[in-house]
Every structure is written in C-alpha cells, then in structure tokens.
Amino acid sequence: MKIEILSPDFFSRPTLGVARELIGKLLVHEENGHRLVGRIVETEAYREDDPACHAWSEVKRRNSKTAAGWRGEVLMGEPGLAYVYLNYGMYWLLNVVTEPAGVGAAVLFRAVEPIEGIEVMRARRAVRKDRELTSGPGKLTVAFGIDDRHHRQPLTEPPLYLAAEVPPPALRVAVSERIGINRGAELPWRFYVPGNPWVSGKRDRKNLNELNDLKDQKDLKDLKDLE
DNA sequence: ACGAGGATGCTCT
DNA sequence: GAGCATCCTCGTG
C-alpha cells in the first residue's frame with residue numbers, strides 16, 4: 001500500500017473542508033515494531049464560532065492570551081497537532097488541530113475501518129465482533145493505543161500520523177448532525193461513509209443525506225468553504 | 001432490538 | 001455540584 005503523509009498545509013484550511021477530505025484518509029500508528037492502519041470513515045468539525053467547540057468559551061471571552069495549562073490551548077496552535085482530551089472520565093478522544101495558528105478549531109476522529117494490525121486491536125479491545133473494534137471515538141483510541149501521551153504531538157510525522165492512500169479510494173461522503181452534543185447540535189458538521197460497518201452508532205441511522213444534496217439545505221452558507 | 005443507567009475524572013460555576 | 005464530542009451491561013419485549 002503506497003501512502004503519503006499529510007503535511008501541516010493540509011490542515012491549515014477551513015475546518016469543514018478538512019473534515020470532509022479526511023474521510024478516506026489513513027490514521028497510522030507505528031509502535032513496538034508493528035504498524036496500525038485505519039481508514040477514516042467518520043469525522044466531525046468543531047469550529048471557533050461553534051458553541052460545541054472547546055475553544056468557544058475562550059474565544060467568546062476574547063482572551064487572546066490563553067492561560068498556560070489550559071488543555072484546549074493547542075486548538076489555537078499550529079495546524080496538524082493532536083488535541084487529545086479525556087471525556088466522561090474514561091475515554092481519550094483524538095482531534096487534529098485545523099486552520100492557521102490563532103484560530104481555535106479541530107476535527108474529531110469518530111471512526112476508522114481497520115486495515116492493518118487488526119490482531120493488536122483485537123488484543124486491546126475485548127469485543128466479539130471486529131465491527132466493534134474502532135466504531136466510535138473512544139473505541140478507536142483504545143484500539144490504536146492513543147492517550148494523553150499524544151496530546152500536542154504532530155500528526156504529520158511518525159509515530160502517529162495521517163496519510164493519503166495512493167491512489168485514493170472512491171468513497172461516498174454523507175453529512176449529518178453531530179453526535180452526543182447539545183449546544184450547536186443542529187449544525188450538519190459530521191461526515192461519514194454511508195453504509196460502512198465501522199461508522200459509529202446504530203446501523204441504518206437517519207440523515208443519510210449525500211453531500212451533493214446539501215445545496216438544498218439552508219446551511220449552504222456555512223459549507224461555502226468546502227470549495 | 002432497544003433503552004436505561006452506571007462507571008469515572010476533569011473543568012467550570 | 002453539574003455537565004460532558006462515551007461505552008458497556010443488563011434489563012425488557
């Protein structure tokens with residue numbers, strides 16, 4: 001499999017476009033002599049002007065000097081860095097920082113399809129079906145061995161990085177509202193591969209709107225920067 | 001098949 | 001003390 005590591009330039013762009021284009025890309029972790037590879041099948045965008053974004057209160061407060069030690073400070077940092085945080089006290093969630101430095105935004109990785117190193121993933125995840133290995137944001141970090149150690153690390157170089165498959169796979173991309181949030185819940189900023197078994201949540205979920213149908217939605221204004 | 005509830009810890013009020 | 005970008009188990013039908 002021929003792959004090309006994504007550079008910081010890829011992430012230094014409008015967040016919705018990055019989130020959409022990350023669908024089909026690869027998440028790779030090289031560790032202990034083995035290589036874990038997953039194809040990204042579900043992402044969510046979290047933008048600075050978005051009440052669900054962890055940079056929201058900080059931006060609203062117009063506190064340009066972010067307090068040292070604030071975990072979300074990296075969101076305002078260089079594109080391509082990892083933002084990793086503990087959610088519900090138990091699960092590390094992986095994001096990649098987007099947009100130029102100074103803008104607080106990121107893309108959350110919600111699901112990947114196992115491609116390589118599946119034995120290691122099975123060993124880390126005590127589940128019966130392979131479909132359960134990486135079909136959720138907390139599941140995939142366990143399967144890939146991602147935790148606090150990766151916070152602030154660049155995802156543009158080994159051992160943990162994002163890459164494009166050459167040639168790229170032909171995948172459909174669908175859009176829906178984001179999962180598990182209250183504020184900003186109506187924004188259609190979740191991207192996924194319709195029908196892929198590793199997409200999180202219940203199967204046959206509603207909202208199978210194809211991306212091309214977004215013209216008909218009133219959120220076109222927000223999605224303008226997908227071009 | 002589906003829903004309710006518990007585990008568990010950090011952040012903000 | 002509440003809320004949280006979750007996951008799993010154990011009820012019930």
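Proteins get letters first, then strands, A, B, ... in listed order; numbering begins at 1 in each.
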Quick check for you: among dA5(C), dC7(C), dT8(B), whose closest atom lies nearest to any side-chain atom of Pro137(A)? dC7(C)
Do we count Tyr88(A) as stacking onto dA7(B) if the rule is ring centres under 5.5 Å and planes under 30°? no
Who does dT8(B) pair with, Watson-Crick or G-U, both distances under 3.5 Å? none
Taking only N and O in the side chain of Asn87(A), is any of them less than 4.0 Å away from OP1 or OP2 of dG9(B)? no
Atom-to-atom span, CD of Glu44(A) to P of dA5(C) - whole angstrom: 10 Å
Close N/O contacts between protein and nucleotides 8-11 of chain C (under 3.5 Å):
residue, atom, partner, partner atom, Å
dC8(C), OP1, Arg125(A), NH1, 2.6
dC8(C), OP1, Arg125(A), NH2, 2.9

Just how far, in rounded Å, is P of dC7(C) from CZ of Arg124(A)? 17 Å
With heavy atoms under 4.0 Å as the rule, sort Asn95(A) into base, sugar-phosphate or nothing. base
Check the distance between dC7(C)'s P and Leu133(A)'s CG and give it to me in whole angstrom. 13 Å
Spacing between Leu140(A) atom CG and dT6(C) atom P, to the nearest angstrom: 12 Å
Which residue in the set Ile5(A), Val107(A), Leu27(A), Thr156(A) passes side-chain contact (heavy atoms from CB on, under 4.5 Å) when paired with Leu162(A)? Leu27(A)
Leu22(A) versus Phe109(A): any side-chain heavy-atom pair under 4.5 Å? yes
Using whole Å, what does the distance between atom P of nucleotide dG3(C) and atom CG of Asn182(A) come to? 10 Å
Under 3.5 Å, is there a donor-acceptor pair between the Thr15(A) and Glu99(A) side chains? yes
Taking 4.0 Å as the cut-off, does a side-chain nitrogen or oxygen of Arg183(A) come that near to OP1 or OP2 on dC4(C)? no
Result for salt bridge (charged side-chain N to carboxylate O under 4.0 Å, His left out) between Glu44(A) and one of Arg20(A), Arg110(A), Arg178(A) points to Arg110(A)
May I ask you to check if Arg172(A) and Tyr192(A) form a cation-pi contact, with NZ or CZ under 6.0 angstrom from the six-membered ring centre and within 45° of the axis? no
Nearest-angstrom distance from the residue atom CG of Asp148(A) to C1' of dT8(B): 16 Å
Salt-bridge criterion met for Glu30(A) and Arg35(A) (N-O under 4.0 Å): no
Using a 4.0 Å heavy-atom cut-off across all strands, classify Gly138(A) as base, sugar-phosphate, or nothing. sugar-phosphate
For dA5(C), the Watson-Crick or wobble counterpart (both distances under 3.5 Å): none
Are side-chain N/O atoms of Tyr161(A) and His29(A) paired as donor and acceptor at under 3.5 Å? no
Ignoring backbone atoms, establish whether Trp70(A) has a side-chain N or O less than 4.0 Å from OP1 or OP2 of dT11(B). no
Rounded distance in Å - NZ (Lys129(A)) to P (dC7(C)): 15 Å
Here the distance between atom C1' of dT11(B) and atom NE2 of His151(A), to the nearest Å, is 14 Å
